[in-house]
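Below, read A as the first sequence line, B as the second, and so on, with proteins coming before strands; counting in each chain starts at 1.
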Amino acid sequence: MKTALKNLFLTNPSKSFNSYIQKCVSLLKIFSDKGLVAGGTVFHCHLLKNGVLSERCIAIKLLIMYLEFRKLSEANQIIKDFNGFDLVVQNCLIKASIQWGNLSEARKMFDEMPERNDITWTLLISGLMKYGRLEESMWHFERNPFKSVVSWTAAITGFVKNGSSFHGLKLFVRLLESGVKPNQFTFSSIVSACIEMGDFDLGMSVLGLIIKTGFENNVSVSNSLITLCLRMHEFDQARRVFDRMETRDVVSWTAILDMYVERGELGEARRIFDEMPQRNEVSWSAIIARYSQYGDHIEALKLFRNMVREGFKPTISCFSSILCALASLESLQAGKNLHAHVMKMGIEGDLFIACSLVDLYCKCGETKDGRLVFDLIENKNVVLWNSMIGGYSTNGQMDEAKYLFNNMPARNNISWGAFIGGYVEYKQFDMVFEVFNEMLLSGETPTKPTFSSVLCACASLTSLEKGRDIHGKILKLGFQYDVYLGTALTDMYAKCGDIESSKQVFDRMSERNEFSWTVMIQGLAESGFAKESLALFEEMKRNSSVAPNELMLLSVLFACSHCGFVDKGLEFFGAMELEYGIRPKGRHYTCVVDMLSRSGLLSEAEELINSMPFQPEANALAALISGCKTYRNEEIAERTARKLVELAEKNSAGFILLSNIYASAGRWIDVSNMRKLMREKGLKKSVGFSWIEVRSHLHSFYSEDGTHLKSAEIHDILELLRLEMTDPKHIPTF
DNA sequence: ATAGGGTTAG
């Protein structure tokens with residue numbers, strides 16, 4: 001930009017007029033492409049001063065610039081000065097109307113034009129396609145007297161971008177039959193169609209045609225071919241295409257960068273990124289998006305800062321990646337700052353941005369602000385609806401989620417999944433299965449994450465029957481087990497007590513992550529297979545790159561405790577911080593206290609409690625008291641009980657345990673005192689409930705009675721049964 | 001005027 005300006009001022013308009021005009025034209029294009037409103041306006045004055053506004057090409061470029069800036073009055077002024085509407089000016093206006101989404105205006109202008117050229121027709125055809133009006137577009141295409149490659153390509157591209165690749169291909173065949181020669185744009189589009197249809201073989205036969213017509217060395221065609229190979233996971237082939245290219249542009253580099261990212265080789269990708277001969281905002285977006293997708297949000301933010309520092313203007317996709325990173329980090333303040341920035345740029349109406357913003361606010365627990373963003377968007381798409389429903393779901397606002405779900409104009413399987421996920425997270429399992437069944441009845445196919453959340457519900461209910469049923473459905477759909485689904489199945493079987501099936505699923509998984517190992521180790525430990533659990537933990541340390549985590553160590557300690565491996569347990573406990581860098585939490589202490597108390601090491605257990613850097617869990621004290629009971633140690637029991645009373649002042653868990661201990665000792669007066677005290681303090685025991693399944697419908701019963709619809713009837717029947725059992729002479733009267 | 005790389009929801 002700077003050099004272009006300097007260059008211009010060195011040119012004398014009176015001496016080399018043509019070169020001067022050409023430089024002005026290219027500068028105007030820069031102003032309008034980069035959206036430099038102020039610079040463009042000043043440059044307008046400069047042109048006025050030099051008296052070159054009457055030059056046709058200058059006036060047109062100026063008009064295009066003002067249309068780009070949406071400065072309508074300035075644009076109209078230029079049209080007036082230039083003496084009205086010729087074909088080129090009208091084409092510019094049609095293009096602007098389409099860009100601003102005013103299709104009816106574009107149609108009106110088109111219909112009223114006295115003459116039209118190929119560009120006019122193509123503008124309308126591609127414009128209609130852009131807004132999904134396929135039939136209307138084709139109607140014009142068929143009537144277009146100038147069927148050039150460009151209009152053919154516009155129509156083909158329109159089909160591909162609207163997900164009708166097959167129609168695009170049919171049109172391509174017609175193009176070949178008509179004798180018009182396809183160009184590099186056409187081929188790029190056709191390769192995209194193959195990608196969209198997932199048809200690698202078809203892509204390869206198109207490649208034959210590309211070579212035959214001599215386009216194989218074209219940069220953009222090669223770039224699409226790289227993407228074709230990437231999508232089909234033919235990474236070596238992709239690299240071969242890249243290596244064969246004579247010239248590569250920033251797109252080629254970005255595509256190959258993405259290949260390494262896709263293979264999970266982020267280090268190699270970063271190396272390529274750092275060594276790329278040229279970068280643009282898309283290459284930046286690509287690497288930033290991937291860092292965020294791989295969970296390194298901090299690095300993504302650092303890269304974003306570097307990008308801005310190097311003077312690149314972040315694109316919409318880049319903003320949405322960063323907003324997504326901020327959502328994952330739950331940094332509300334930074335998110336709000338970026339929101340302000342987005343508003344300043346005037347892109348808050350973009351659907352990608354809006355979705356990310358809704359997600360950001362909801363992940364930070366601010367569903368109201370999320371809703372504000374949601375309500376401001378006029379043309380909502382499914383994704384936006386789903387974001388909002390998902391936001392309410394994760395925040396437990398199921399009534400709001402339900403209302404939106406019932407009133408959305410169009411649902412897809414992700415909407416169902418988002419809605420069901422909320423019920424899973426907030427443990428309303430009867431609703432989970434009700435909605436899930438409704439989903440199946442509606443003919444929607446659940447996605448993998450939906451299956452895994454429903455499996456999680458089965459695990460929580462320990463409903464093996466339902467779990468197996470879901471497993472069957474997954475098999476029937478022919479889903480490949482991915483890590484998430486495999487882990488969910490492993491967990492479900494383990495929690496439902498079918499440890500054999502659990503092990504089977506785990507053994508068959510081709511890829512295992514931290515969660516997979518955790519659920520299996522935990523499953524074995526909690527099902528009483530302590531030795532196997534410990535062995536698996538050792539195997540993981542030996543054979544995988546997964547590092548031990550808090551939950552695994554809890555399972556390992558649990559296993560040691562239940563196997564009576566006191567020494568081994570203490571060894572693991574000691575190694576937690578030193579070897580694995582995990583600071584023991586309350587749960588770990590409780591587990592070790594329990595282990596010591598079970599084996600009669602009461603004073604060691606008491607010592608451990610006293611040495612804790614923070615408040616012990618009430619359960620730890622209860623475990624010790626229970627040990628004292630087994631090994632008859634009144635002294636420690638008394639001291640510990642006093643601590644429990646102290647603790648009970650602060651939380652309800654302590655109260656409940658204490659009253660349970662009193663109850664098991666038969667001290668009913670103390671029990672009733674505790675209950676009274678709890679009521680006075682407003683402490684509430686979390687509600688207990690149980691459930692049964694009748695004809696695949698789930699009935700829940702809460703400890704506060706009367707929540708079941710047929711509660712009264714059930715009690716009547718119970719009374720009948722009781723009578724029958726206690727009074728042999730009683731004859732039931734049905 | 002037409003094309004290729006990056007972006008949102010569970």
Side-chain angles (χ1 to χ4, degrees), chain A residues 91-92 94-95 98 117-127 129 146 148-158 160-161 182-192 195 215 218-228 230 249-259 261 280-290 292-293 314-324 327 350-360 362 381-391 393-394 412-422 424-425 446-453 484:
Chain A
N91 281 349
C92 289
I94 290 189
K95 188 187 168 190
I98 290 171
N117 63 8
D118 181 34
I119 297 179
T120 325
W121 282 93
T122 310
L123 277 169
L124 193 70
I125 292 166
S126 68
M129 282 292 188
F146 321 85
S148 65
V149 213
V150 184
S151 53
W152 278 100
T153 308
I156 293 172
T157 308
V160 177
K161 288 211 166 138
N183 63 12
Q184 68 270 35
F185 294 96
T186 326
F187 280 121
S188 293
S189 228
I190 290 302
V191 174
S192 288
I195 295 171
F215 280 103
N218 182 276
V219 186
S220 50
V221 174
S222 298
N223 289 342
S224 342
L225 285 171
I226 293 179
T227 311
L228 174 71
L230 288 186
D249 65 3
V250 69
V251 179
S252 338
W253 280 99
T254 310
I256 211 73
L257 168 83
D258 204 43
M259 176 180 100
V261 169
N280 66 5
E281 60 289 336
V282 177
S283 354
W284 279 100
S285 297
I287 194 111
I288 288 174
R290 296 311 194 167
S292 157
Q293 281 163 7
T315 58
I316 286 180
S317 73
C318 197
F319 270 117
S320 76
S321 296
I322 287 299
L323 285 169
C324 177
D350 179 86
L351 280 168
F352 278 93
I353 297 282
C355 290
S356 309
L357 280 172
V358 168
D359 194 42
L360 168 83
C362 293
N381 64 1
V382 211
V383 183
L384 188 65
W385 280 92
N386 291 350
S387 305
M388 196 64 235
I389 291 173
S393 286
T394 47
N412 62 11
N413 50 359
I414 295 183
S415 331
W416 287 91
F419 186 43
I420 293 173
V424 174
E425 195 151 334
T447 60
K448 286 177 187 177
T450 306
F451 271 124
S452 89
S453 74
Y484 298 98

Q: Mark up nucleotides 1-7 of chain B, 5' to 3', with B wherever a protein heavy atom is under 4.0 angstrom from a base atom, S wherever such an atom reaches only the sugar-phosphate, and - elsewhere.
A: BBBBBBB

Q: Only counting residues at least two apart or in another chain, list the ones meeting ring-ring contact (aromatic ring centres under 6.0 Å, His included) with A/F215.
A: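 With sequence neighbours excluded, A/F215 shows a ring-ring contact (aromatic ring centres under 6.0 Å, His included) to A/F187, given in chain and number order.
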
Q) Under the ring-ring contact (aromatic ring centres under 6.0 Å, His included) test, which residues partner A/F451, sequence neighbours left out? A)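 With neighbours one apart ignored, the set is A/F479.
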
Q) Just checking A/N381: base, sugar-phosphate only, or nothing, at a heavy-atom cut-off of under 4.0 Å? A)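 It contacts nothing in the nucleic acid.
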
I'd like to check the side-chain hydrogen bond (donor to acceptor under 3.5 Å, both in side chains) partners of [X]; sequence neighbours left out, ordered by chain and number.
X: A/S148; value: A/D118
X: A/S453; value: none
X: A/T315; value: A/S285, A/S317

